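Given the structure is predicted, the values throughout are model-derived calculations rather than measurements. Along the sequence shown, residues are numbered consecutively beginning with 1.
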Amino acid sequence: MPSSDVRNLLQCAVPTAAAGAVAVAVSGAVAGGKGALGAALGTVLAVLFMGIGLYVLQWAAKTLPQLFQAMGLMLYVAQLLLLLIFVALFKDTSLFNAKAFALSLVVATVVWMAAQARAHMKAKIFYVDPEPVKSDRSEKTGSSS
């Protein structure tokens, strides 16, 4: 993974993990251990889904640049649908607090998207690919030897 991709991933994952830590602390205080567990699972799930999505999006940008925008829209819709399915599957669980799980999942997803938008706006991306400079001496000196 190129360093710019890792930087982009970290700029998204770190704020999301911080928001997840706050969600775990608040859920633990409000709903006890099951609340903290639900918030932790929601945060981990959001980071996992969004991280995989970012990786796929970066792969699409490099290999299929003509489909980048369509892949991005399809990917975000698929991610949100999968997250909705997870919330629906675990809404009646007794392993953890489902409300803390759902709330932390939504909060982590929103924080990830906001951090990704900020990282993209701050990135210095060339809008024109610079051409390599030729280093042929005969063109510079004008001699034809």
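Linking ILVMFWY residues whenever their side-chain heavy atoms come closer than 4.5 Å, directly or via other members, leaves F86 and V107 in distinct clusters. Cluster annotation: V110 is not connected to M50 through the hydrophobic network of ILVMFWY side chains, with a link wherever side-chain heavy atoms come within less than 4.5 Å. Under a hydrophobic clustering in which Ile, Leu, Val, Met, Phe, Trp and Tyr are joined whenever their side-chain heavy atoms come within less than 4.5 Å, directly or via other members, V106 and V47 fall into different clusters.
A distance of 12.0 Å separates CG in L67 from CG in L73, rounded to the nearest 0.5 Å. Atom-to-atom distance recorded for L41:CG and T93:OG1 is 9.5 Å, nearest 0.5 angstrom. Note: N97 CG to L103 CG = 10.0 Å, rounded to the nearest 0.5 Å.
S27 is linked by a side chain to side chain contact (heavy atoms under 4.5 Å, CB included) to A39, A100, counting only residues two or more places apart in sequence or in another chain. Under the rule for a side chain to side chain contact (heavy atoms under 4.5 Å, CB included), the partners of A40 that lie at least two apart in sequence or sit in another chain are V24.
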Would you list the atom pairs, donor with acceptor, under 3.5 Å between side chains in residues 74-83 and any protein atom, with sequence neighbours excluded?
unit_1 : atom_1 : unit_2 : atom_2 : d
Y76    : OH     : Q116   : OE1    : 2.9
Y76    : OH     : Q116   : NE2    : 3.1
Q79    : NE2    : F49    : O      : 3.0

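Annotation: ring-ring contact (aromatic ring centres under 6.0 Å, His included) contacts involving residues 9-46, sequence neighbours excluded, are absent. Screening residues 40-53 for side-chain hydrogen bond (donor to acceptor under 3.5 Å, both in side chains), with sequence neighbours left out, gives no hits.
The two residues P15 and C12 come nearest to each other via the heavy atoms CD-O, 3.5 Å. Between G38 and S104, the shortest heavy-atom distance links the atoms O-OG, 3.7 Å.
No side-chain heavy atom of L37 sits under 4.5 Å from any side-chain heavy atom of F101. Considering only heavy atoms from C-beta on, L54 comes within 4.5 Å of W112 through its side chain.
With hydrogens and angles ignored, the 3.5 Å screen pairs a side-chain donor or acceptor of K34 with a backbone N or O of S94.
Clustering of Ile, Leu, Val, Met, Phe, Trp and Tyr by side-chain heavy atoms under 4.5 Å joins V30 with V22, V26.
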